[in-house]
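Proteins come first, then strands; the chains are lettered A, B, ... in the order of their sequence lines, and each starts at number 1. Predicted model, so just to flag it, every value in this text is computed and none were measured.
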Amino acid sequence: MTRQILVTSALPYANGHIHLGHLVEYIQTDIFVRFQRLRGHKVAYMCADDTHGTAIMIRAEKEGRQPEQLIAEMSDAHQRDFAAFDISFDHYGSTNSEANRNVAHSIWAKLKERGLVAQRAVPRLFDEQKEMFLADRFVKGMCPKCRAPDQYGDACEACGATYPATELIDPRSIFTDSKPVLKDSQQSFVTLAPLQQTLTAWTQDSGALQEEVANYLKGHFLDKPLQDWDVSRPAPYFGFEIPDQPGNYWYVWFDAPIGYIASTVEWCAKAGGDADDWWRNEDAEVVHFLGKDITYFHTLFWPAMLHAAGYCLPKRVHIHGFLKVNGEKMSKSRGTFVNASRYLDFLEPGWLRYYYASKLGPKIDDLDFQSEEFVGKVNSDLVGRVVNLASRSAKFVQDVGLSETYPEDSGLFRRGAEAGEAIAAAYEACDFREAMRRVMTLADDANEFVERAAPWKLRKDPDKAAELQDCCTVVLNLFHQIMIYLTPVLPELSAKAGALLGSDMDQWSASQEPLSGREVRKFTHMMARVEAAKVEEMFTPEAPEPTSPTIDKEPLADEITIDDFLRVDLRVAEVLEASHVDGADKLLQLTLGLGGDVRRNVFAGIKSVYEPAQLVGKMVLYVANLKPRKMKFGVSEGMVAAAGTDGEIYLMSPDIGAKPGQRLH
RNA sequence: GGGCCCUUAGCUCAAUUGGUUAGAGCCGGCGGCUCAUACCCGCUUGGUUGCAGGUUCGAGUCCUGCAGGGCCUACCA
């Protein structure tokens with residue numbers, strides 16, 4: 001039976017370039033898509049750029065241009081990267097399209113019709129000079145948790161806490177530097193509670209989700225009444241204005257997944273067909289691939305919207321983990337945060353496709369890119385075993401072609417054909433590493449056959465020409481069969497194998513019948529080996545950029561006067577005692593001496609970097625007039641000054657000779 | 001603190017769902033071949049299945065506890 005499958009990868013955000021982590025998802029989805037096409041199913045692979053939201057708006061503003069310009073440029077870059085990795089979208093759209101606006105409007109209308117939209121007044125920060133509500137990122141102030149200054153209204157970059165903008169201490173508008181006032185804003189909410197039963201049934205019993213995901217949702221959201229979802233954001237906001245709410249825009253996560261449908265609409269307009277035939281057809285299957293970070297948008301809000309608007313629920317939501325590099329999180333400073341384009345400067349796309357395939361299982365586990373393993377798998381599996389089959393047999397028959405009838409092979413080809421079933425099942429289950437394992441077993445068997453048949457000996461005896469041709473016919477057929485199985489993973493290599501043997505490589509069933517009596521082209525190099533040095537080079541950090549990334553992360557603060565500065569009483573202090581704090585993950589307790597008998601007790605979050613013993617006797621910079629803060633472990637009287645971001649911590653010390661108690665001027 | 005997942009050879013993973021002696025690939029060692037992109041073939045070292053109990057005729061698999069790792073969530077900084 002021919003299935004009709006609409007497959008999506010999550011929409012990449014137009015705020016950054018595609019990197020190796022993104023590619024885990026797009027390569028994985030593409031393998032699934034190509035597999036389904038090879039099996040003869042009707043497939044639509046839809047994707048688009050996710051373009052809305054404050055981050056885009058702020059960045060465009062910073063770069064002094066329109067957001068439309070920014071997202072157009074990014075869309076080009078994204079599509080170029082995807083094309084280089086053979087990602088075979090049927091259509092690649094944008095959430096900032098008329099199609100997306102239309103679909104969003106119609107879904108909104110349906111939600112209202114069903115009484116699922118609620119309007120409520122919510123107090124928000126309002127800039128009276130500019131006469132506008134301030135989005136989270138347009139207001140800065142002191143973090144209510146750690147009191148770090150200059151933090152945005154949604155989250156603190158210093159301590160990672162998240163909070164509503166209304167909780168900021170001493171908030172200021174980034175536009176006018178005025179103190180915003182609280183004012184009621186009419187916000188729109190999508191009410192999810194009426195859909196609780198539907199969502200529970202779909203998440204728990206439909207089989208659409210991996211078991212871990214179903215458990216997660218049950219334990220975190222579905223065990224209590226689902227809360228209303230705030231989907232509106234006040235202007236200015238780069239996105240779509242809500243039709244009946246002038247001055248309010250849909251939150252980016254409202255219209256982002258709608259892009260899946262809009263992309264289908266655009267594709268149908270171009271290629272023929274009707275988007276409803278994919279989205280409102282119980283016989284069609286919608287399959288989403290996405291990373292674990294966006295699980296709940298796709299497993300609660302999105303199906304709720306689909307259901308309420310009369311679309312079918314996804315048949316499958318396949319969630320994957322993150323990419324690590326050599327056991328650690330990707331990191332710019334370590335050079336392991338590698339963009340797609342940088343990868344292409346050093347290595348071949350096919351290598352990565354195969355390596356990811358050989359690592360990807362059906363679970364949500366993170367995937368670890370290990371340099372040595374990467375080199376080993378590509379070189380020994382692909383070049384040494386698979387391609388080697390062709391390169392050690394093709395040239396013996398390039399003049400005579402394949403035998404007229406497929407020769408006796410003691411059942412090798414038939415066993416390979418039978419293995420196709422299990423390989424296909426593994427692909428279907430997204431257990432690509434299992435599929436690769438099984439294919440490589442076939443390649444092992446084939447190489448063993450070559451060894452026993454020893455074509456290089458047959459070649460020396462003119463009487464054994466027919467035997468030689470038969471032997472190579474078998475080997476090339478096993479190679480062909482293996483390459484059919486690998487076509488979803490390695491389309492380019494597969495095409496080369498097809499050219500060698502005059503085979504189209506576009507049907508899974510071609511693995512079931514041997515080729516015979518046909519020409520064999522001259523063998524040409526099909527795949528290069530990986531040089532370990534190239535991998536290492538790729539992961540070596542580039543020379544520091546002209547503008548320091550640190551200064552970007554924490555831009556210079558607004559101008560102050562000398563009087564402002566003098567309000568802070570900075571003193572030289574000596575660390576008299578230092579100790580670990582029982583039960584604290586990050587804190588050390590310090591006793592500071594300010595000269596004479598003046599001592600202060602301070603808790604400092606520097607445990608990750610400093611040992612108590614190395615601190616005693618050290619001179620540090622002390623913020624003396626900071627209001628004492630009561631903490632779980634005691635009262636902290638001020639703080640010690642330190643610099644650093646992202647886990648780096650550097651205590652400030654005075655030059656030699658400074659004495660405890662001296663003030664900074 | 002709460003929840004979920006995980007731990008099998010040096011590394012990456014299997015083990016037909018509780019059934020004989022826990023298997024592959026890579027790496028290492030030995031031998032062979034010389035068609036092939038230093039490739040392939042054969043042999044081989046390597047395990048108290050994280051630890052401790054329990055259920056069972058039988059446990060890698062089920063249960064309990066402990067240790068370690070990951071993720072989510074909350075709190076604390």
Would you classify [X] as touching base, sugar-phosphate or nothing, given that sugar-phosphate means primed atoms plus P, OP1 and OP2, and contacts are heavy atoms under 4.0 Å?
X: K377(A); result: nothing
X: E372(A); result: nothing
X: R452(A); result: nothing
X: N388(A); result: base
X: G384(A); result: sugar-phosphate
X: M440(A); result: nothing

Do any side-chain nitrogens or oxygens of [X] fall under 4.0 Å of OP1 or OP2 in [N]?
X: R433(A); N: A14(B); result: yes
X: K363(A); N: C5(B); result: no
X: K395(A); N: A36(B); result: yes

Strictly by Watson-Crick or wobble contacts shorter than 3.5 Å, is anything paired with [N], and which nucleotide is it?
N: G1(B); result: U73(B)
N: U21(B); result: none
N: U49(B); result: none

Exam field: side chain S393(A) to backbone L389(A), donor-acceptor pair closer than 3.5 Å: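 Yes, S393(A) side chain to L389(A) backbone: donor-acceptor pair under 3.5 Å.
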For the side chain of [X], starting at C-beta, report the closest nucleotide among [options].
X: R629(A); options: A77(B), U37(B), G25(B); result: A77(B)
X: D381(A); options: G25(B), C13(B), G42(B); result: G25(B)
X: D366(A); options: G70(B), A14(B), G25(B); result: G70(B)

So, D366(A) and K292(A), do they make that salt bridge, N to O below 4.0 Å?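 Yes.
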Assign U16(B) to syn or anti; the rule is syn for a glycosidic angle within 90° of 0 and anti otherwise.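 Anti, angle beyond 90° from zero.
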